[in-house]
Amino acid sequence: MLRFLCALALFLGLAAPSVAEAVQDRGIAPPNPAVSAQASAFGAAPAFHDIALSPDGSRIARIAQHDDRYRLEVWAVGDLSAPTAIYTLSRYNIANWLVWKSDSRLLVSTSQPMSRFGFLLFETRLSVFDPGLSHPVRLAQRHRPPDGYPAFQDRLIDMSPDDPDGILIAFNWVTPEEPAVQRADLRNGRLTTVLSGGRNIQSWLFEPRDRVFIGIGDKEGAPQIFRATETTVPTAVTILGAGSTFRPLGFDGSADRLVVASNHEPGPLGIYVYDLAVGGFVETLFKSDRYDADAVIRSADGTGVDGVVWIDDDRRVTWLNDNAQALHDRLKNLTGSEELTVASRTPDGRRLIVITGDGGRSSGSVLIDLQTDTVTPLWRISPALDERPVGATASVSYTAPDGVSIPAYLTLPPGMAREDAQRIPFVVLPHGGPSARDSAEFDFLAQFLASLGYGVLQPNYRGSSGYGESFRRAGDQQWAGAVLGDVSAGTRWLVDQGLADPDRVCVVGWSFGGYLALMSAVEYADQYRCVGAIAPVTSIPHIIDYSRRFRGGRDEMARMFGIGWNDRARNARASPLNRVSDIATPVFMAYGTGDDVVPPAQGYEMYQAMLAEGVDMSVLSIIGADHSMSRQPDRTLLLASLEAFLASYLGPLPGRPD
């Protein structure tokens with residue numbers, strides 16, 4: 001059975017062939033899968049991707065989707081009947097984030113697809129709009145940019161509240177890999193150099209009270225920082241040895257005290273204060289025996305850190321001062337929600353936009369006035385999912401053949417208790433990354449699969465983040481070894497526990513998870529009825545070559561795979577593209593031609609190889625879709641196609657909820 005659903009368009013320029021042109025080139029009919037209620041609901045775009053409250057609290061700006069386009073919207077507080085201004089981006093451009101510089105200026109980061117190094121790359125741009133979203137000014141532009149102009153132009157350093165017409169960004173026209181500190185004039189987009197960059201500097205922090213800049217970089221893999229002012233030359237300090245983590249995140253009340261994520265102590269990643277004047281770590285802000293620190297919550301004025309975010313099974317926050325804890329408790333009482341995040345606030349701290357949650361699924365947004373304790377509902381985040389039942393997710397663990405304990409999450413179909421889950425069809429769903437992790441919080445793909453009547457297992461295999469550096473490093477050069485074995489061990493555990501019907505188990509993954517799914521069809525085909533791979537890595541040598549073109553890529557590839565002569569045979573054999581003849585399991589593969597994370601050629605070459613070998617496959621290529629299939633039509637088509645494929649091999653499912 002061969003079902004190629006849509007032809008590939010090599011999307012390497014500013015535009016792509018239309019679907020009709022691509023179909024005509026290949027002589028293949030376009031897809032028309034039935035779209036179920038589940039695919040429609042879970043494929044729906046959220047109400048907004050980012051949201052910001054103007055400094056005076058009178059306007060709300062947000063990034064939303066309309067049909068297949070991203071658009072910017074400005075709304076008047078107190079009237080949510082319709083936006084007062086709309087700006088729609090072109091079909092293949094993406095809006096990333098927005099923030100108000102002042103009541104009259106809105107900064108917006110966008111991405112646009114460009115061809116660079118022979119590959120597609122979504123390059124970022126930074127523009128400033130008025131509240132009417134008219135007359136945008138693009139920052140850092142020239143009529144004839146020189147060769148090697150920076151791909152990433154939205155690296156904001158400081159909003160410069162005392163400079164009404166300027167902000168600070170990291171940028172360098174001549175040597176993009178050595179970003180300098182530039183003042184961007186918001187009236188005309190022109191740049192003025194404040195502080196020159198350096199060969200080993202990759203990013204900057206700014207402490208406004210003392211006017212101190214901290215450059216962040218490394219030298220031969222060892223983390224370095226550089227201290228400077230507007231009148232002094234950056235002075236380098238090497239902090240830890242090669243391969244160490246030392247990531248400055250902000251300041252702790254002064255220019256000498258850096259808040260950093262570091263692994264200088266054994267165990268998981270912690271958050272510390274490093275004193276430049278002392279030349280060492282002087283305070284531990286957060287350290288867990290089991291879990292990495294995930295992020296920090298900076299204070300409203302940017303001069304300190306209020307909290308540390310970490311994940312066990314759910315998102316947790318450890319508050320670092322009484323004021324931050326008191327504000328959180330007050331917001332919790334006002335909203336009635338245990339889970340909340342402050343998305344935006346006015347400079348005086350009076351008005352805030354708060355995202356409220358429900359069991360890990362963001363459910364709503366509200367505007368809060370702390371002077372009057374008024375709570376005004378804004379938008380539901382995912383209204384299409386509000387009425388859909390959610391499958392219960394539980395933390396589990398199992399043991400790999402070599403004795404290593406692997407944490408995982410088990411999700412059952414809505415309404416099904418574990419004691420009732422006996423020999424049901426299952427999807428094993430390894431996450432992407434590999435330096436990422438799953439948790440018990442709402443996961444749209446896991447819940448979509450559960451809504452179809454399948455059990456879902458999400459293994460946090462070796463190489464996953466969140467459990468300490470040694471667990472993450474255990475996945476290095478083990479993609480087709482211990483990592484793949486951990487996924488297989490989870491499948492065996494499902495069967496041994498009597499949860500999964502051994503004849504109705506499929507493995508599905510996205511990105512690196514898609515790689516694991518394809519390699520499961522090679523090495524563990526007897527365990528799986530079918531395989532689904534979304535935006536998968538198919539050739540490790542090609543990924544190595546691609547990644548080495550970017551700064552830091554060579555060192556990262558050496559760590560993850562090994563790039564010496566002796567590593568070549570292992571990497572080639574660990575690539576699904578080179579093992580197609582070993583695949584005897586039906587394969588569903590999907591990828592977007594606008595993917596700049598995993599080059600679309602990886603998917604197309606895998607399709608050609610499977611076609612030559614006569615593999616039983618269904619292939620979906622979506623014109624212009626990005627790595628995340630973030631546009632609503634793309635994601636809905638993906639889910640509908642995956643649903644149809646799985647039903648062919650895991651059905652029938654009597655009594656499946658609709």
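A quick note: this is a predicted structure, and the numbers were derived from the prediction, not measured.
Of the possible polar contacts, none joining the K101 side chain to the I167 backbone as a donor-acceptor pair under 3.5 Å is found. With S382 contributing its side chain and L385 its backbone, the two residues share no donor-acceptor pair below 3.5 Å. Judged by distance alone, with hydrogens and angles left aside, the side-chain atoms of S344 form no donor-acceptor pair with the main-chain N or O of I51 at under 3.5 Å. Checked by atom type and distance alone, the side chain of S648 pairs as donor or acceptor with a backbone atom of A644 at under 3.5 Å. Of the possible donor and acceptor atoms, none in the side chain of S196 sits under 3.5 Å from a partner among the backbone N and O of A180. Distance alone, capped at 3.5 Å, is enough to place a donor-acceptor pair between the S36 side chain and the A39 backbone. Looking only at distances, a side-chain donor or acceptor of Q182 sits under 3.5 Å from a matching main-chain atom of T193. Judged purely by atom type and a 3.5 angstrom limit, S628 has no side-chain atom pairing as donor or acceptor with the backbone of S630.
Annotation: side chain to side chain contact (heavy atoms under 4.5 Å, CB included) contacts of P377 (sequence neighbours excluded): none. Scanning for salt bridge (Lys or Arg N to Asp or Glu O under 4.0 Å) contacts around R187 gives D165, D185, with sequence neighbours left out. In this view, W75 and W379 satisfy the ring pair (Phe, Tyr, Trp, His ring centres under 6.0 Å) rule, not counting sequence neighbours. Qualifying salt bridge (Lys or Arg N to Asp or Glu O under 4.0 Å) partners for D67, counting only residues two or more places apart in sequence or in other chains: none. For A625, the side chain to side chain contact (heavy atoms under 4.5 Å, CB included) partners are I622, M629, D634, not counting sequence neighbours. Listed by chain and residue number, N96 satisfy the side chain to side chain donor-acceptor pair (under 3.5 Å) test with S111 (two or more places apart in sequence, or in another chain). The side chain to side chain donor-acceptor pair (under 3.5 Å) check on D103 picks up nothing, with sequence neighbours excluded. Evaluation of the side chain to side chain donor-acceptor pair (under 3.5 Å) rule for S127 yields no partner, not counting sequence neighbours. In this view, D596 and L120, L121, F122 satisfy the side chain to side chain contact (heavy atoms under 4.5 Å, CB included) rule, not counting sequence neighbours. The side chain to side chain contact (heavy atoms under 4.5 Å, CB included) check on S102 picks up S104, R105, with sequence neighbours excluded. Listed by chain and number, the residues in a side chain to side chain donor-acceptor pair (under 3.5 Å) with T88 amount to none (sequence neighbours excluded).
The ring of W204 has its center no closer than 6.0 angstrom to the ring center of F206.
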Check the pair D595 / Q602 against side-chain hydrogen bond (donor to acceptor under 3.5 Å, both in side chains), numbers first and verdict last.
-> CA-CA 10 Å; D595 189 339; Q602 294 248 327; over 6 Å; no

When you look at M589 and L620, which way does the side-chain contact (heavy atoms from CB on, under 4.5 Å) test go after all the steps?
-> CA-CA 6 Å; M589 185 175 68; L620 172 66; over 6 Å; no

Give the C-alpha distance, both sets of side-chain angles, the deciding distance and a yes or no for side-chain contact (heavy atoms from CB on, under 4.5 Å) between E643 and L452.
-> CA-CA 8 Å; E643 178 181 356; L452 301 178; 3.5 Å; yes

Given salt bridge (charged side-chain N to carboxylate O under 4.0 Å, His left out), test R380 with D386 step by step and report yes or no.
-> CA-CA 8 Å; R380 305 295 294 172; D386 278 350; 3.0 Å; yes

Take L126 and V108 through the test side-chain contact (heavy atoms from CB on, under 4.5 Å) and record every step on the way to the result.
-> CA-CA 6 Å; L126 190 59; V108 181; 6.0 Å; no

Report the C-alpha separation of D443 and D438 in whole Å, then their side-chain angles, then the decisive distance to 0.1 Å, and conclude whether the side-chain contact (heavy atoms from CB on, under 4.5 Å) test is met.
-> CA-CA 8 Å; D443 181 288; D438 284 317; 3.9 Å; yes

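For the pair R388 and F448, the cation-pi test (distance below 6.0 Å, angle within 45°) is failed.
Taking NE2 of H431 as the reference point, atom CG of L445 lies at 13.5 Å (rounded to 0.5 Å). Annotation: the span from R155 atom CZ to I157 atom CD1 amounts to 8.5 Å, rounded to 0.5 Å. Atom CG of L186 sits about 11.0 Å away from atom CG of L106, to the nearest 0.5 Å.
Using cut-offs of 30° and 60° on the angle between ring planes, the pair Y515 and F512 is parallel. Between F645 and F588, the ring planes lie tilted relative to each other; the angle falls in the 30° to 60° range.
Using modelled atom types and a 3.5 Å distance limit, the side chains of Q38 and S451 yield no donor-acceptor pair. Using modelled atom types, one finds no donor on one side chain facing an acceptor on the other under 3.5 Å when comparing E605 with T538.
Ion pair R91/D68 flagged as a salt bridge, since at least one NZ, NE, NH1 or NH2 atom sits closer than 4.0 Å to an Asp/Glu carboxylate oxygen. At a threshold of 4.0 Å, the pair D294-R315 does not count as salt-bridged, since none of the basic side-chain nitrogens sits closer than that to a carboxylate oxygen.
Only one option out of Q632, H49, R631, R71 pairs with Q65 in a side chain to side chain donor-acceptor pair (under 3.5 Å); it is H49.
Within a 6.0 Å radius of CZ in R190, other residues, nucleotides and ligands contribute 12 heavy atoms or fewer. The number of heavy-atom neighbours closer than 6.0 Å to CZ of F129, taken from other residues, nucleotides and ligands shown, is above 12.
Sorted by first and then second residue, the pairs that involve residues 49-64 and meet salt bridge (Lys or Arg N to Asp or Glu O under 4.0 Å), not counting sequence neighbours, are R62-E73.
At a threshold of 4.5 Å between non-hydrogen side-chain atoms, the residues R298 and L249 do not count as touching. Residues V77 and S58 fail the side-chain proximity criterion, which asks for heavy atoms closer than 4.5 Å.
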